[in-house]
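Values below: all heavy atoms of this structure, side chains included; hydrogens, waters and symmetry mates excluded.
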Amino acid sequence: MMKQAKTALTTLFLGATLGSASIAQATDLNLVFLANEEDQEYDAAQVFKNYVESRTGGEVNVNIFVGAQLCGSANECFEAMQAGIVDLFTATAGGVAAIYPPIQGLDIPYAFPDDRTAMTMLTDPEFTGFLRDELLEASNDSIRLMAMTQTGGWRNIVNGEREIRTPADAEGLRFRTIESQIQQIMVREMNASPTPLPWLEVYTGLQTGVVDGTLNSISDITNMNFQEVIKHMTLDNHAYMSSMWLMGNQKFQSLTPEQQQVVADGAAMMSVIQFGIQPRKELEAYRIWREAGGELYTPTSEEMEEFRALAEPVREWYLENFDEEGERFIEEFENARERAQQRVDADRESVMG
């Protein structure tokens, strides 16, 4: 009996010791996004956390930080990633441009044909593989692209003065832009005036007439209550708001191969979640817009050709300023678009045939 008791106690002691060791060895991943809990990044992060923690049996723990808790801007977050404080972070092309400037090519107007093709392009293995290599090289192997997705949907032309059916209708208007040559060239090509303004000053700028309009998605507009001061939206879909989930490469390499696969699959799930949630959130945004008296205009095919012509001067500027790196990016991007279009067209024909 004494021998059996000693054996049982030894077993319990070893089990507790091993359990403690397992807990001590659990790896923490600090995931950061600078939006709030109303944005699709929050839903995506929750799915990622559940997937990674459950599939690794608690070996990997995900801590979600909303807003500026660990870093307050894309540049700060990238520095925190390189320092090992932040492990996962999501950024738009504008943010990633601080590391890899040619990625601004994603914002060339009318580069994405439609929702389905855009989703297929941003999940194209060849294109994402190319960008992963470019980002690793540009960041000295410190930042790894995990997945590409979208945040906010399509940017459209919105103003408080008049309906815009063609680029000529925008002549003389002042549009708020970000500090981006790509946006500013597009506005100038419409014979309008680009006016950079900080995001938090846009409402007042629209209200006081500092600017007449802006280039934003419907979600951006209603989140900031711009529908109170502007009434005309042209659904030209000139920019698809792509974004990237990035991870500190040192932390990723510290994981076991099995854990790496789980994290990679979890990141792919985040991408899918964000693609799906944005259209659902837009339903409420459009309802708010209409109830406030907002008007929507969808250009005809002929009118869209006039809008798409705005892209060529922007493309020329891009290629002149980014040299061989820009040419390589555009080539990979356009090849991805061609592959995506073929896949989408083939499936459409299968369904419709």
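- Connection of L246 to V86 is established within a shared hydrophobic cluster, with ILVMFWY side chains joined at heavy-atom distances below 4.5 Å, either directly or through further cluster members.
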* From CA spacing to verdict: side-chain contact (heavy atoms from CB on, under 4.5 Å), R144, L136 -> CA-CA 6 Å; R144 174 177 290 269; L136 281 169; 4.1 Å; yes
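- Rounding to the nearest 0.5 Å gives a distance of 8.0 Å between CG of L122 and CE of M244.
- The heavy-atom pair separating T234 from I164 by the smallest distance is OG1-O, 2.6 Å.
- Between Y240 and F112, the two ring planes are tilted [angle within 30° to 60°].
- Residues D236 and Y110 meet the side-chain proximity criterion, which asks for heavy atoms closer than 4.5 Å.
- At a threshold of 4.5 Å between non-hydrogen side-chain atoms, the residues I178 and W199 do not count as touching.
- If you run side chain to side chain donor-acceptor pair (under 3.5 Å) between Q40 and each of Q274, Q278, R280, only Q278 comes through.
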* To do: Output, in order, the C-alpha distance, side-chain angles, deciding distance and verdict of side-chain contact (heavy atoms from CB on, under 4.5 Å) for T27 and K251.
  => CA-CA 9 Å; T27 299; K251 177 57 73 73; 4.1 Å; yes
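- Residues E295 and K231 are not in side-chain contact: their nearest non-hydrogen atoms beyond the backbone lie 4.5 Å or more apart.
- Around atom CD of Q181, more than 12 heavy atoms belonging to other residues, nucleotides or ligands sit under 6.0 Å away.
- L235 and F307 are not part of a single hydrophobic cluster, where members link through side-chain heavy atoms under 4.5 Å apart.
- Under the rule for a ring pair (Phe, Tyr, Trp, His ring centres under 6.0 Å), the partners of Y318 that lie at least two apart in sequence or sit in another chain are F322.
- Residues N63 and N61 are in side-chain contact: their nearest non-hydrogen atoms beyond the backbone lie under 4.5 Å apart.
- Criterion: ILVMFWY side-chain heavy atoms under 4.5 Å apart, direct or through other members. Under it, M224 and I288 are not part of a common hydrophobic cluster.
- With hydrophobic clusters built from ILVMFWY side chains whose heavy atoms lie under 4.5 angstrom apart, I182 does not share a cluster with L197.
- Taking the salt bridge (Lys or Arg N to Asp or Glu O under 4.0 Å) definition, one finds that E303 meets it with nothing, sequence neighbours left out.
- Between the side chain of D39 and the backbone N or O of E41 there is no donor-acceptor pair closer than 3.5 Å.
- Atom CG of N249 sits about 11.5 Å away from atom CG of L145, to the nearest 0.5 Å.
- Rounding to the nearest 0.5 Å gives a distance of 11.5 Å between CZ of F333 and CZ of F130.
- R155 is linked by a side chain to side chain donor-acceptor pair (under 3.5 Å) to nothing, counting only residues two or more places apart in sequence or in another chain.
- The environment of Q253 atom CD is dense: over 12 non-hydrogen atoms of other residues, nucleotides or ligands sit within 6.0 angstrom.
- Note that CG of D169 and CZ of R162 are 7.0 Å apart. Values are rounded to the nearest 0.5 Å.
- In terms of heavy atoms, T151 sits closest to S242 at CG2-O, 4.5 Å.
- When all heavy atoms of N216 and V158 are compared, the closest pair comes out as O-CG2, 4.2 Å.
- Proximity of a side-chain donor or acceptor of T149 to a complementary backbone N or O of S243 within less than 3.5 Å is not detected.
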Result block: side-chain N/O donor-acceptor pairs under 3.5 angstrom for residues 200-213, not counting sequence neighbours:
{"from": "Y203", "atom 1": "OH", "to": "E228", "atom 2": "OE1", "distance (Å)": "2.6"}
{"from": "T208", "atom 1": "OG1", "to": "T204", "atom 2": "O", "distance (Å)": "2.8"}
{"from": "D212", "atom 1": "OD1", "to": "R174", "atom 2": "NH2", "distance (Å)": "3.4"}
{"from": "D212", "atom 1": "OD2", "to": "R174", "atom 2": "N", "distance (Å)": "2.8"}

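- The residues R328 and E331 are annotated as not salt-bridged, no charged nitrogen and carboxylate oxygen being separated by less than 4.0 angstrom.
- In terms of modelled atom types and a separation under 3.5 Å, the side chain of E282 and the main chain of A285 share no donor-acceptor contact.
- Smallest separation of non-hydrogen atoms from M121 and A111: CE-O, 4.4 Å.
- With salt bridges taken as basic N to acidic carboxylate O contacts below 4.0 Å, one links R116 and D347.
- Within the 4.5 Å cutoff, no side-chain heavy atoms of M81 are placed close to those of S142.
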Can you give the donor-acceptor pairs under 3.5 Å from side chains of residues 94-107 to other protein atoms, not counting sequence neighbours?
{"from": "Y100", "atom 1": "OH", "to": "E134", "atom 2": "OE1", "distance (Å)": "3.3"}
{"from": "Q104", "atom 1": "NE2", "to": "P101", "atom 2": "O", "distance (Å)": "3.3"}

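- Side-chain contact check for T56 and Q259: no donor-acceptor pair (N or O, by modelled atom type) lies under 3.5 Å.
- For the residue pair A192 and A170, the shortest heavy atom distance occurs at CB-O, 3.5 Å.
- A distance of 9.5 Å separates CE of M304 from OG1 of T300, quoted to the nearest 0.5 Å.
- Cluster partners of M269, using a side-chain heavy-atom cutoff of under 4.5 Å among ILVMFWY residues and allowing indirect links, are L29, L31, F33, Y42, V47, F48, Y51, V52, V60, V62, I64, V66, L88, M146, W245, M247, F252, L255, V262, V263, M270, I273, I277.
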* Evaluate the criterion side-chain contact (heavy atoms from CB on, under 4.5 Å) for residue pair I85 and E79; output intermediate values, then yes/no. => CA-CA 9 Å; I85 299 168; E79 290 174 3; over 6 Å; no
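- At least one side-chain heavy atom of P113 sits under 4.5 Å from a side-chain heavy atom of R337.
- Between L135 and I143 the shortest side-chain heavy-atom distance does not fall below 4.5 Å.
- Annotation for Q261: atom CD does not count as buried by contact number, only 12 or fewer foreign heavy atoms lying within 6.0 Å.
- Each of L215 and F226 belongs to its own hydrophobic cluster when Ile, Leu, Val, Met, Phe, Trp and Tyr are linked at side-chain heavy-atom distances under 4.5 angstrom.
- Counted within 6.0 Å of CZ on R339, heavy atoms from surrounding residues, nucleotides or ligands total more than 12; the atom is thus considered enclosed.
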* **Worked check of side-chain contact (heavy atoms from CB on, under 4.5 Å) between Y286 and T222** => CA-CA 8 Å; Y286 278 116; T222 56; over 6 Å; no
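- Between L173 and F175, the closest heavy-atom pair is CB-CE1, 3.7 Å.
- Heavy atoms of other residues, nucleotides or ligands lying less than 6.0 angstrom from CD of E324 number 12 at most.
- Here F89 and F65 keep their ring centres 6.0 angstrom or further from each other.
- A salt bridge does not link D220 to R176: none of the charged nitrogens lies less than 4.0 Å from a carboxylate oxygen.
- No side-chain heavy atom of H238 sits under 4.5 Å from any side-chain heavy atom of L310.
- The OG1 atom of T166 sits 12.5 Å away from the CD atom of E302 when rounded to the nearest 0.5 Å.
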